[in-house]
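Heads up, the thing below is written out as structure tokens.
Any value given below was found using the heavy atoms of this structure, including those in side chains, with hydrogens, waters and symmetry copies removed.
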Amino acid sequence: MDYRVTAVLVAAGSSTRMGFDKLSFDLGGETVLERSVRAFDECPEVDELVLVTGASGENAERAAARCKKPVQLVRGGATRAESARNGVAAAHGALVAVHDAARPFVSGEVIAAVLKAAARCGAAAPAVPVKDTIKQAKGGSGKTVPAGCMVEDTPDRSTLYAVQTPQCFDRAAYLAALDELDEARARLVTDDCSLFELTGRPVELVQGDYANIKITTREDLPRAENGGKKMRIGHGYDVHRLVEGRKLILGGVEVPYEKGLLGHSDADVLAHAVMDAVLGAAALGDIGQHFPDTAEEYAGADSLVLARRVAEIVAAQGWRIENIDATILCQRPKLAPYIPAMREKLAAAFGLPVEAVSVKATTEEHLGFTGEGLGIAAHAVALIEAV
């Protein structure tokens, strides 16, 4: 791009609807503000950044310290429009990209596309087609539907677009438009593009991204803190030796074979791996802790009975098992005919529908302990969700 570009990130809001500083919210190693700043710092079209801050600039200072490009910190104004003006006034670029710092998931592709359009026509913004039917009705507070709210019109949805940021402009045209607005029309400015619209200047919309959301309320947060679901994954592994004189029990199913698995209980290696996966996902130890092989009460125990107990333990801690995926490592016998029954029994033990339980079997091509027919092993993965 032939123009010098300044990204103006507006981070001066009070987060009153959130109840805490949303720009300091941890997205997993970086804050909302740091993630927004990084998007522009890594964008090759952007030459410098201006961070417009509120009363506390500590978060902005940390974000600026991570930048490779030049950064200015500017104090915001009493309104969002004033804060944007302060940022644009401090910019050195011929093009400015004004972005709400509360949109941390903006992509480099969107930034580049909007800047290219702004260089061509003077003003541009990313937008996405509105998915819902929109009703025009009695005006309210913008937070709730007022009483007696009767529909007046249904606009054609194909003409409606939800506008995002960054909104990008020719800086000289932006400042000229500000000078042209009288006080009455200035109150009609709802976003930076409307400044151009109200002064008769064209604005082009380019394809935005539905992932480029603005974090405004707790429901917008991308993690469990928004009241959404918390999930965990656990892995389990078990192995038992094959010996004569024992029944071969896998997933609660007796498989006809000349040998069985050696163990304190019924040595159901599949059920044991699944139990360890479920317990591990909930960080509740393993079956050795809950059903030690030193306890006589578990001698010859039916592992599906123990599996039901594991399901109860996990449920008591506020978790629900979502699905189970297991693989048996076995050279002989052939297990395919018995797998449907194994799935059914495991599903019943853990309180799941059969379609939520997967059991697979594979040989190890005569390699290793299981491949030589000395034993059978099993791996399992379980997904659990907070209730």
Side-chain angles (χ1 to χ4, degrees), residues 222-224 226-240 247-257 260-261 263-293 295 297-298 300-330 333-363 370 376-387:
R223 289 173 51 181
N226 68 356
K229 295 299 184 182
K230 183 178 181 181
M231 294 183 175
R232 287 186 181 178
I233 296 173
H235 173 260
Y237 172 78
D238 196 24
V239 60
H240 285 276
K247 291 180 180 179
L248 178 56
I249 308 295
L250 293 171
V253 176
E254 183 175 343
V255 179
Y257 190 52
L261 294 172
H264 185 62
S265 63
D266 60 8
D268 187 337
V269 68
L270 173 59
H272 292 181
V274 172
M275 285 190 279
D276 271 349
V278 172
L279 288 167
L284 294 172
D286 59 18
I287 57 173
Q289 292 175 241
H290 294 273
F291 317 112
D293 58 11
E297 61 186 295
Y298 301 122
D302 181 340
S303 291
L304 290 187
V305 174
L306 304 184
R308 294 186 187 95
R309 178 59 187 143
V310 166
E312 292 171 357
I313 292 169
V314 170
Q317 295 298 315
W319 297 100
R320 179 176 61 243
I321 304 166
E322 288 296 318
N323 74 287
I324 291 164
D325 182 24
T327 301
I328 308 169
L329 309 178
C330 175
K334 296 293 185 182
L335 299 178
Y338 307 98
I339 284 178
M342 295 178 196
R343 293 179 61 203
E344 290 179 2
K345 287 184 174 291
L346 287 170
F350 286 99
L352 296 172
V354 174
E355 57 267 25
V357 177
S358 170
V359 176
K360 308 177 296 294
T362 184
T363 68
T370 56
I376 297 176
H379 289 272
V381 177
L383 174 69
I384 63 175
E385 183 177 71
V387 178

Distance-minimising heavy-atom pair for S303 and A271: CB-CB, 3.9 Å

K247, NZ atom: more than 12 neighbouring heavy atoms under 6.0 Å: no

Heavy-atom side-chain contact between L250 and M342 under 4.5 Å: yes

Beyond-backbone contact of L248 with P333, side-chain heavy atoms, under 4.5 angstrom: yes

Donor-acceptor contact below 3.5 Å, side chain D293 vs main chain H264: no

D238 side chain vs A378 backbone, donor-acceptor pair below 3.5 Å: no

Distance in Å, D325 CG paired with H235 NE2, rounded so as to fall on 0.5 Å steps: 10.0 Å

Separation between CG of N323 and CD of E385, rounded to the nearest 0.5 Å: 10.5 Å

Whether F291 and Y298 hold their rings parallel, tilted or perpendicular, with breakpoints at 30° and 60°: perpendicular

Residues L284, V314; criterion side-chain contact (heavy atoms from CB on, under 4.5 Å); working and verdict: CA-CA 8 Å; L284 294 172; V314 170; 4.2 Å; yes

Inter-residue atom distance D266.CG - H240.NE2, 0.5 Å rounding: 8.5 Å

Approximate separation, where rounding is to 0.5 Å, of I328 CD1 and L335 CG: 5.5 Å

For L304 against G252, the heavy-atom pair lying closest together: CD1-CA, 3.6 Å

CA sep, side-chain torsions, deciding dist, call: I313, R309, side-chain contact (heavy atoms from CB on, under 4.5 Å): CA-CA 6 Å; I313 292 169; R309 178 59 187 143; 3.8 Å; yes

Full working for side-chain contact (heavy atoms from CB on, under 4.5 Å) between V310 and H290: CA-CA 9 Å; V310 166; H290 294 273; 5.9 Å; no

I324, V359, V253 screened by side chain to side chain contact (heavy atoms under 4.5 Å, CB included) with L346, the one that passes: V359

Flag side-chain contact, heavy atom, 4.5 Å: F350 against V278: yes

Gap between atom CG of L329 and atom CD1 of I376 - 0.5 Å precision: 9.5 Å

For the student: nearest non-hydrogen atoms of A349 and A311, plus distance: O-CB, 4.1 Å

Atom pair CE (M231) and CZ (R320), whose distance is rounded to the nearest 0.5 Å: 8.5 Å

Check: D276 side chain, L279 main-chain N or O, donor-acceptor pair, under 3.5 Å: no

Derivation and outcome, side-chain contact (heavy atoms from CB on, under 4.5 Å), residues R343 and S358: CA-CA 7 Å; R343 293 179 61 203; S358 170; 5.5 Å; no

Nearest atoms (heavy-atom pairs only) where G285 meets Q289: CA-OE1, 3.1 Å

